[in-house]
Amino acid sequence: CPSPAGSVTLSAQSQVVTPVLQISPDPVCAGEDVTVRVTNSGSDSASSLFNWLLPSGDTVVTAVPQLLLQDVTAVHAGSYRVQVVEGVCRSVNSNTETLEVNPVPAPPVLTSNQPVCEGGSLQLVATFTSGAQYFWGGPSGFQSFVFNPVRPAVNPADGGEYFAYISLNGCQSDTAT
């Protein structure tokens with residue numbers, strides 16, 4: 001006994017565009033905010049979901065084409081990817097972008113040869129941090145960018161508070177006095 005003829009209606013979704021990933025800023029200093037985002041059009045619609053693949057191996061799902069990482073630490077460093085989901089269809093994984101998180105250096109410990117007599121030389125000394133750039137400031141517009149500067153022929157107007165900070169891998173320490 002023959003069965004009645006049946007029909008099937010096929011509804012095919014368009015292929016999901018492969019997302020292009022960007023991290024900004026990168027590299028970054030610990031404590032700053034970072035945005036990981038999809039930069040190409042066509043990889044998001046009102047119904048899109050974004051599966052963010054994190055360096056930890058975890059996945060975070062958002063309804064927007066960006067992921068905000070606040071107050072980043074070394075835990076956030078590593079490779080990121082994203083996959084776009086539209087209905088039952090998924091894109092292939094995006095390009096991999098790697099986030100570099102640099103530590104903020106400790107402020108230098110400062111000393112000097114004070115007290116100094118008028119006409120003498122003030123020797124400013126900071127603890128050494130390999131690869132760091134040094135920035136010094138003080139009274140009467142004093143500025144120096146050397147590790148342990150000397151201020152020659154001081155006078156009473158040169159008295160007061162001197163300060164310094166360092167920069168390492170683009171990250172600035174707190175100011176020391």
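Starting from 1, each residue takes its place in the sequence as its number. Just so you know, these numbers use all the heavy atoms, side chains as well, and skip hydrogens, waters and symmetry mates.
- The shortest side-chain heavy-atom distance between Pro105 and Cys171 falls under the 4.5 Å cut-off.
- Taken together through direct or relayed side-chain contacts under 4.5 Å among Ile, Leu, Val, Met, Phe, Trp and Tyr, Tyr162 and Phe128 form part of one hydrophobic cluster.
- Counting heavy atoms from C-beta outward, Cys89 and Gln15 have side chains that stay 4.5 Å or more apart.
- For the residue pair Val101 and Cys29, the shortest heavy atom distance occurs at CG1-C, 4.4 Å.
- Distance check, rounded to the nearest 0.5 Å: CD of Gln133 to CZ of Phe147 gives 14.0 Å.
- Counting heavy-atom neighbours within 6.0 Å of Gln114 CD, excluding the residue itself, gives a total of 12 or less.
- You'll find the side chain of Pro55 reaches within 4.5 Å of the side chain of Tyr80, heavy atoms only.
- Note that CZ of Phe142 is 7.5 Å distant from CH2 of Trp136, once rounded to the nearest 0.5 Å.
- When all heavy atoms of Gln123 and Val150 are compared, the pair lying nearest together is OE1-CG2, 3.0 Å.
- Tyr134 places no side-chain N or O within donor-acceptor distance of the main-chain N or O of Ser144, the cut-off being under 3.5 Å.
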- Query: What do the steps show when you test Val84 against Val17 for side chain to side chain contact (heavy atoms under 4.5 Å, CB included), and what is the final call?
  - Reply: CA-CA 8 Å; Val84 180; Val17 174; over 6 Å; no
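- A distance of 7.5 Å separates OG1 in Thr111 from CG in Asn148, rounded to the nearest 0.5 Å.
- Distance CG/Asn113 to CG/Leu124: 8.0 Å, rounded to 0.5 Å.
- Panel note: side chain Ser140, backbone Ala157; a donor-acceptor pair is recorded below 3.5 Å.
- Using a 4.5 Å heavy-atom cutoff, the side chains of Asn51 and Val85 are in contact.
- Considering only heavy atoms from C-beta on, Arg90 stays 4.5 Å or farther from Val16 through its side chain.
- By the 4.5 Å heavy-atom criterion applied to side chains, Val36 and Val82 are not counted as neighbours.
- Hydrophobic clustering, with ILVMFWY side chains joined whenever heavy atoms are under 4.5 angstrom apart, groups Ile166 together with Leu110.
- The shortest distance between side-chain heavy atoms of His76 and Val34 does not fall below 4.5 Å.
- When every heavy atom of Ala30 is checked against every heavy atom of Pro103, the shortest pair comes out as CB-CA, 4.4 Å.
- In this structure, the separation between CG on Asp33 and CG on Asp71 is 7.0 Å, given to the nearest 0.5 Å.
- Placement of Val125 and Val154 in two distinct hydrophobic clusters is found when ILVMFWY residues are connected by side-chain heavy-atom separations under 4.5 Å, directly or transitively.
- Asp158 places no side-chain N or O within 3.5 Å of a backbone atom of Pro139 that could act as its donor or acceptor partner.
- A continuous path of Ile, Leu, Val, Met, Phe, Trp and Tyr side chains, each step under 4.5 Å between heavy atoms, connects Val72 with Leu21, placing both in one hydrophobic cluster.
- Across every non-hydrogen atom of Val92 and Pro19, the tightest pair is O-CD, 3.6 Å.
- Neither side chain, Gln83 nor Ser91, offers a donor N or O lying under 3.5 Å from an acceptor on the other.
- Contact record, Ser112 with Leu122: CB-CD1, 3.9 Å, taken as the closest heavy-atom pair.
- The two residues Pro152 and Ser121 come nearest to each other via the heavy atoms CA-OG, 3.6 Å.
- In this structure, the separation between CZ on Phe135 and OG on Ser173 is 9.5 Å, given to the nearest 0.5 Å.
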- Chi angles and distances behind the side chain to side chain contact (heavy atoms under 4.5 Å, CB included) call for Leu69, Val28: CA-CA 11 Å; Leu69 306 173; Val28 67; over 6 Å; no
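- Neither Ile23 nor Leu53 shares a network with the other; the hydrophobic side chains, linked directly or stepwise wherever heavy atoms of I, L, V, M, F, W or Y lie under 4.5 Å apart, form separate groups for each.
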